[in-house]
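Written below as structure tokens is the structure these notes are about.
Whatever order the structure lists ligands and atoms in, that order sets their numbers, starting from 1.
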Amino acid sequence: LAAADSGGVASYHPVLDQQSLRRLQLGTEIEQAMADGQISVVFQPIIDAQTSDIVSVETLVRWAHPRYGSIPPDDFIHLAEQIGRIGAVTDHVLDLALARCRRWLDQDIALSVAVNLSVHCLTEPDLLSRVRSALQRHGVPGELLTLELTEGSVVDDSVRDSTVLADLHDLGLRLSMDDFGTGYSSLSQLRQLPIDEVKIDKSFVLGMSTSQGESFIARSIIELAHNLGLRVVAEGVEDEMTRNLLAEMGCDKLQGFLVSRPLPDDRLENWLLARTG
Ligand code: C2E
Ligand code: CA
Ligand code: CA
Ligand code: CA
């Protein structure tokens, strides 16, 4: 602690450095930001790998902060988890996703929506009733909702020992294992869980056009997943070569900048119109 005394920067007492201050402040603002409409969602299309038909959209949260500008989810989801607000954020995102889905249903379009669920949510005792009532409130059948869970969350002890995944599945919705290949679970572990689909993590998909190793991993995941009766989505598809490789490998669905960036509601509407004519 001599550094401070000797006139150096007081780097031993970073009690409230710039970053912590901002985080603290952001935490207190989350609730109001949702009420003010600063926290919204964008939708990224997911297409059938063989037919290119749009089959689903993934809902991704966005925070347009009046002073800090656009804050990416990787910068505030974790914060929301730490301060116990992730449940509220999830409810907000689910609400926007199901409202969107409902408006499609009113136009006779049965497009499913996917929502990301943090592991913290899976341990909240009222999750099931909140999801059920959100579906009811919007009049959306469970089959049109997919919950994306990260690999780490399903191997979490408290999740495995509970019936939460089975209970969610019983609502008729689909469970998708996100970021597959980055965690420690194996596909054989998945067999014991009510999972319908795996998403090959974009870190593998992004490397496919340049690395045989990544292609091999993708091919292996697809084959094993299919043998276990699971559908496979590849995320992070950015180029034609990767798209063709994945289609050849029998990958079921594709998502990535090649198909479309995540889009705000009105732009998604235009994208759909332009595509379906
Ligand atoms: P994720 O669930 O793996 O979502 C995919 C991320 O990859 C998104 O980043 C998306 O914009 C990006 N992406 C999509 N296509 C491509 C591509 O072709 N190339 C590349 N390089 N990236 C692509 P985003 O929107 O910044 O979200 C980051 C993460 O934040 C998500 O990763 C998810 O874990 C988390 N997240 C986002 N929304 C929510 C939410 O509502 N709730 C929770 N709990 N987590 C969320
Ligand atoms: Ca996801
Ligand atoms: Ca992912
Ligand atoms: Ca991710």
Side-chain angles (χ1 to χ4, degrees), residues 30 33-34 38-47 56-64 70-100 112-124 127 130-131 134 145-154 156 174-183 185 195-210 214 218 221 232-243 246 251 253-264 267-268 271:
I30 286 182
M34 286 193 284
Q38 289 170 30
I39 298 183
S40 64
V41 297
V42 288
F43 300 102
Q44 189 174 31
I46 300 175
I47 61 166
S56 179
V57 295
E58 179 176 1
T59 313
L60 295 157
V61 72
R62 293 289 179 266
W63 187 347
S70 149
I71 308 174
D74 285 329
D75 283 0
F76 69 89
I77 288 296
H78 187 58
L79 174 67
E81 288 170 352
Q82 285 177 326
I83 63 169
R85 302 319 295 145
I86 189 65
V89 173
T90 303
D91 288 350
H92 183 68
V93 170
L94 191 60
D95 199 54
L96 294 170
L98 292 177
R100 176 65 274 191
S112 75
V113 289
V115 169
N116 292 282
L117 208 61
S118 119
V119 59
H120 291 246
C121 295
L122 287 173
T123 57
E124 289 165 348
L127 176 70
R130 280 158 43 214
V131 173
L145 175 64
T146 297
L147 294 178
E148 298 194 0
L149 319 167
T150 56
E151 214 184 321
S153 65
V154 298
D156 182 280
R174 321 248 178 244
L175 298 178
S176 177
M177 170 83 37
D178 207 350
D179 300 348
F180 191 79
T182 58
S185 69
I195 299 287
D196 305 285
E197 166 188 289
V198 297
K199 293 187 86 167
I200 309 174
D201 189 68
K202 61 175 176 286
S203 61
F204 302 114
V205 178
L206 289 171
M208 281 181 67
S209 58
T210 48
E214 313 294 11
I221 293 175
V232 186
V233 186
E235 64 175 21
V237 180
E238 292 189 355
D239 58 77
E240 288 290 350
M241 184 179 172
T242 302
R243 177 202 183 118
L246 286 161
C251 187
K253 302 178 212 170
L254 307 175
Q255 175 181 6
F257 296 165
L258 177 71
V259 178
S260 170
R261 298 218 164 227
L263 301 170
R267 290 187 51 208
L268 175 69
W271 186 89

Purely on distance, is any nitrogen or oxygen of [X] under 3.5 Å from one on ligand 1?
X   : answer
R62 : yes
T59 : no
V93 : no

Which atoms of ligand 1 have any heavy atom of [X] under 4.0 Å away?
X    : value
D74  : 28 (C), 29 (C), 30 (O)
E238 : 17 (C), 18 (O), 19 (N), 20 (C), 21 (N)
Q44  : 14 (C), 15 (N)
G256 : 15 (N), 18 (O)
S118 : 44 (N)
P262 : 11 (O)

Distance (rounded to the nearest 0.5 Å) between L127 CG and H120 NE2: 13.5 Å

Matching residue for Q44 among R261, E235, Q255 - test: side chain to side chain donor-acceptor pair (under 3.5 Å):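 Answer to the side chain to side chain donor-acceptor pair (under 3.5 Å) test with Q44 among R261, E235, Q255: Q255.
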
Check each of [options] against [atom] and report the one with the nearest heavy atom.
atom                    : options                : answer
atom 1 (P) of ligand 1  : V205, L258, D178, V237 : D178
atom 38 (N) of ligand 1 : I39, D75, V61          : V61
atom 26 (O) of ligand 1 : P73, A97, A80, S203    : P73

Minimum side-chain heavy-atom gap [X]-[Y] below 4.5 Å:
X    : Y    : value
V233 : E58  : no
R62  : P262 : yes
M208 : V237 : no
L94  : L145 : yes
V232 : F180 : no
E124 : I86  : yes

Qualifying residue for side-chain contact (heavy atoms from CB on, under 4.5 Å) with M177, from T150, D196, I195: I195

Measure D179 to ligand 1 on non-hydrogen atoms and call it side chain, backbone, both or neither using the 4.0 Å cut-off.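 The part of D179 near ligand 1 is the side chain, not the backbone.
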
Counting only heavy atoms, which portion of V115 has something under 4.0 Å from ligand 1: side chain, backbone, both, or neither? neither

For ligand 1, is there an atom lying under 4.0 Å from some heavy atom of E58? yes

Everything protein-side that's N, O or S and under 3.0 Å from the Ca ion (ligand 2): list it, residue and atom. E58 OE2, N116 OD1, E148 OE1, D178 OD2

Given 3.5 Å as the limit, does a donor-acceptor pair link the side chain of T59 with the main chain of A114, or not?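 Such a contact is found between T59 side chain and A114 backbone.
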
Kindly determine whether L96 and H92 satisfy side-chain contact (heavy atoms from CB on, under 4.5 Å), including the steps that lead there. CA-CA 6 Å; L96 294 170; H92 183 68; 3.8 Å; yes

Test K199 against E148 for salt bridge (charged side-chain N to carboxylate O under 4.0 Å, His left out), laying out the working first. CA-CA 9 Å; K199 293 187 86 167; E148 298 194 0; 2.8 Å; yes

Would you sort out whether L263 and F43 count as a side-chain contact (heavy atoms from CB on, under 4.5 Å), showing the intermediate values? CA-CA 5 Å; L263 301 170; F43 300 102; 5.7 Å; no

